[in-house]
Colleague: 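Pasting a structure below so you can have a look.
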Amino acid sequence: MQYDLSIIIAHFKPRDLISNPLIKTISEINNQKGEYKIEIVIADDGSLYDYPFEKKYSSISCFKEKDVYLLNDKILKEFLLAQSLDIKGISKWVHYPKINNSMNKAFITNCAVNISKSKNLLLLDDDNYFISKNSIESLVKLFENYDLVFGQIKDNNNRYRSYDSHRVQGTTIGIKKNIFNKVGGLGEWTSEFSCAVDSDFWIKLYNYYNEYKINGCYTNQISTYDSFSKRWKKYTKFFKEIRLKKKFNKLYSCKNYKSYRSNYSRQKKLWLDNLIK
């Protein structure tokens, strides 16, 4: 089947998380206006579900000899039923066990993109749900003119992130699959630090823009509400900043990846059209 859009949802559920934000996020996807062929792929970074992935299923061997588990069709329905997750619309669930006590969002997201079927991708975190019911319709139309679309995020204090903000984001990103692959996807080296995935991705996209002049924009035509965060924070390594800065300098000649003066990708005006209305 030819899909209009593949939605890749980064997911992590700690054992003590009672309310699963994934349910709301997928519910809002299912409530979108328009008739589009969409697949939803869950990129599960070691969620601590009470479920024996390793005992029940064989891992798929195409991901660098790591134990990655693919749930689809009847197996996926069985899993969702066992977890009492009344969620419709999920095409595939890719699970990477939490075996090294770190955040592996980059690796499992790359795995999910690898098996996705559309030339158009939307990267979401499981706690970022659509505010507008026209979001997918808007994104599909924007893909006619843009290779890269950053949607606007509303935080849990009801503040929208502005075009002038120098923060990076790793969610609510529409991107052509061929561009995602050409920049090397998300930086899997970041699992060593359990952070900086977003900064790495932005720098790679900005560098690619400078070389090939792809079309990118920042827009509130696609916006999400950040309903929950910091679940991955417990896996962040202490005393990492000095080593991280050295790593970014080595990879990208960027002395301070957190500073917009050194990391030009944080200056949206240099490479992203402003479509905020």
Side-chain angles (χ1 to χ4, degrees), residues 3-10 29 32 36 38-41 43 105-106 109-114 116-125 128 130-132 134-154 160-188 190 196-224 226 248 251-252 254 257 260 263-277:
Y3 291 99
D4 298 305
L5 184 67
S6 293
I7 302 178
I8 312 298
I9 303 180
I29 293 173
Q32 289 290 294
Y36 299 99
I38 298 168
E39 68 168 347
I40 300 174
V41 184
K105 176 183 177 180
T109 297
N110 290 344
C111 291
V113 169
N114 182 283
S116 66
K117 300 298 184 181
S118 177
K119 65 180 181 180
N120 299 322
L121 304 175
L122 174 64
L123 306 182
L124 280 182
D125 284 351
N128 281 83
F130 288 130
I131 295 173
S132 167
N134 298 313
S135 295
I136 289 179
E137 181 180 41
S138 297
L139 179 58
V140 172
K141 289 181 179 179
L142 283 167
F143 269 134
E144 295 175 3
N145 298 306
Y146 288 97
D147 306 294
L148 179 63
V149 179
F150 287 97
Q152 191 175 38
I153 297 174
K154 184 180 182 181
Y160 284 96
R161 192 172 299 175
S162 72
Y163 177 75
D164 296 325
S165 169
H166 295 135
R167 293 180 62 183
V168 298
Q169 64 193 60
T171 182
T172 321
I173 301 173
I175 183 172
K176 298 287 187 178
K177 187 175 181 178
N178 67 317
I179 302 297
F180 183 92
N181 290 331
K182 285 177 180 178
V183 301
L186 302 189
E188 297 178 19
T190 59
V197 178
D198 305 344
S199 293
D200 177 80
F201 194 46
W202 277 59
I203 289 178
K204 289 191 293 190
L205 289 171
Y206 176 72
N207 290 343
Y208 191 85
Y209 160 82
N210 278 331
E211 186 170 359
Y212 298 103
K213 300 305 177 186
I214 60 174
N215 295 320
C217 68
Y218 186 76
T219 178
N220 59 354
Q221 295 178 50
I222 303 99
S223 55
T224 61
D226 187 4
F248 272 97
L251 291 174
Y252 307 115
C254 176
Y257 73 100
Y260 70 90
N263 179 359
Y264 296 126
S265 72
R266 290 177 177 263
Q267 299 186 45
K268 299 183 188 72
K269 64 182 180 181
L270 296 179
W271 63 300
L272 299 175
D273 292 347
N274 183 6
L275 301 187
I276 301 293
K277 297 180 179 179

Colleague: Treating N215 as the side-chain partner and D147 as the backbone partner, does any N or O pair qualify as donor plus acceptor under 3.5 Å?
Modeller: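 Looks like no, no N/O pair under 3.5 Å.
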
Colleague: Could you walk me through whether L5 and Y36 satisfy the side-chain contact (heavy atoms from CB on, under 4.5 Å) test, starting with their C-alpha distance in whole Å, then the side-chain angles of each, then the deciding distance to 0.1 Å, before giving a yes or no?
Modeller: CA-CA 8 Å; L5 184 67; Y36 299 99; over 6 Å; no

Colleague: Are the side chain of Y206 and the backbone N or O of N263 linked by a donor-acceptor pair below 3.5 Å?
Modeller: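 Not a single qualifying donor-acceptor pair exists.
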
Colleague: Going from CG on N220 to CD1 on I131, what distance comes out if it is rounded to the nearest 0.5 angstrom?
Modeller: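 Interatomic distance, N220 CG to I131 CD1, rounded to 0.5 Å: 9.5 Å.
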
Colleague: Taking all non-hydrogen atoms of both residues into account, name the closest pair between V41 and A112 and its distance.
Modeller: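 Closest pair (atom of V41, atom of A112, distance): CG1-CB, 3.6 Å.
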
Colleague: Could you tell me whether Y252 and W202 have their ring centroids closer than 6.0 angstrom?
Modeller: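 So the answer is no for these two rings.
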
Colleague: I need the minimum non-hydrogen distance between W271 and S265, along with the two atoms involved.
Modeller: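 So the minimum-distance heavy-atom pair works out to NE1-O, 3.0 Å.
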
Colleague: Is any side-chain heavy atom of N274 closer than 4.5 Å to a side-chain heavy atom of K269?
Modeller: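 The answer is no, as the side chains (C-beta and beyond) never meet within the 4.5 Å cut-off.
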
Colleague: Does any N or O in the side chain of S6 come within less than 3.5 Å of the main-chain N or O of S118, such that one atom is a donor and the other an acceptor?
Modeller: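 Yes: the side chain of S6 pairs with the backbone of S118.
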
Colleague: Tell me which pairs pass side chain to side chain donor-acceptor pair (under 3.5 Å) where either residue lies in residues 134-145, with sequence neighbours left out.
Modeller: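 Those involving residues 134-145 do not exist here.
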
Colleague: Which distance, rounded to the nearest 0.5 Å, do you find between the CD1 of I9 and the CD1 of I40?
Modeller: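 One finds 5.5 Å between CD1 of I9 and CD1 of I40.
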
Colleague: How long is the span from the CG atom in L275 to the OH atom in Y218, to the nearest 0.5 Å?
Modeller: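 Separation between the atoms: 11.5 Å.
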
Colleague: Is there a donor-acceptor contact under 3.5 Å from the side chain of Q169 to the main chain of T171?
Modeller: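 It does hold such a pair.
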
Colleague: Report, one line per pair, each donor and acceptor closer than 3.5 Å where one atom sits in a side chain of residues 173-180; sequence neighbours left out.
Modeller:
| from | atom 1 | to | atom 2 | distance (Å) |
| --- | --- | --- | --- | --- |
| K176 | NZ | N120 | OD1 | 3.1 |
| K176 | NZ | F143 | O | 3.2 |
| K177 | NZ | V113 | O | 3.2 |
| K177 | NZ | S116 | O | 2.7 |
| K177 | NZ | S116 | OG | 3.3 |

Colleague: Under a 4.0 Å N-O cut-off, is there an ion pair linking K105 with D125?
Modeller: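 So K105 pairs with D125 through a salt bridge.
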
Colleague: Measure across L124 and F130 and return the closest heavy-atom pair with its distance rounded to 0.1 Å.
Modeller: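 For L124 and F130, the tightest heavy-atom pair comes out as CD1-CZ, 4.5 Å.
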
Colleague: Tell me the closest heavy-atom pair linking C217 and Y146, and the distance in Å.
Modeller: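 Where C217 meets Y146 most closely, the heavy atoms are CB-CE2, 3.6 Å.
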
Colleague: Are any of the side-chain heavy atoms of F201 and T109 separated by less than 4.5 Å?
Modeller: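 Not in contact.
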
Colleague: Taking atom OH of Y264 as the centre, report whether more than 12 heavy atoms of other residues, nucleotides or ligands fall under 6.0 Å from it.
Modeller: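 Atom OH in Y264 is not crowded, with 12 or fewer foreign heavy atoms closer than 6.0 Å.
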
Colleague: A side-chain contact here means heavy atoms from C-beta on lying under 4.5 Å apart; do F248 and D200 qualify?
Modeller: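 They are in side-chain contact.
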
Colleague: Main chain of G185, side chain of K204: is a donor-acceptor contact present, judged purely on distance under 3.5 Å?
Modeller: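 Checked: pair present.
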
Colleague: Nearest 0.5 angstrom please: I38 CD1 to Y3 OH, how far?
Modeller: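 So the gap between those two atoms works out to 10.5 Å.
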
Colleague: Would you find a donor on one side and an acceptor on the other, under 3.5 Å apart, between the side chain of N110 and the backbone of A106?
Modeller: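 Yes, because the side chain of N110 sits within donor-acceptor range (under 3.5 Å) of the backbone of A106.
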
Colleague: From E211 CD over to K182 NZ, what is the distance, rounded to the nearest 0.5 angstrom?
Modeller: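 Separation between the atoms: 10.5 Å.
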
Colleague: Which heavy atom in Y257 sits nearest to a heavy atom in A196, and how many Å separate them?
Modeller: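 Here Y257 and A196 meet closest at CE1-CB, 4.3 Å.
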
Colleague: Answer yes or no: are there more than 12 heavy-atom neighbours, outside K213 itself, under 6.0 Å from its atom NZ?
Modeller: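 It does: K213 NZ has more than 12 such atoms within range.
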
Colleague: Compare every heavy atom of C254 with every heavy atom of I203, then report the nearest pair and how far apart it is.
Modeller: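 Minimum heavy-atom separation between I203 and C254: CD1-SG, 4.3 Å.
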
Colleague: If only atom types and distance count, is the side chain of Q152 paired as donor or acceptor with the main-chain N or O of Q221 below 3.5 Å?
Modeller: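 Not at all, since once roles are kept as given, no pair shorter than 3.5 Å links the two residues.
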
Colleague: Supply the atom-to-atom distance H166 NE2 to K268 NZ, rounded to the nearest 0.5 angstrom.
Modeller: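 Reported to 0.5 Å precision, the distance equals 7.5 Å.
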
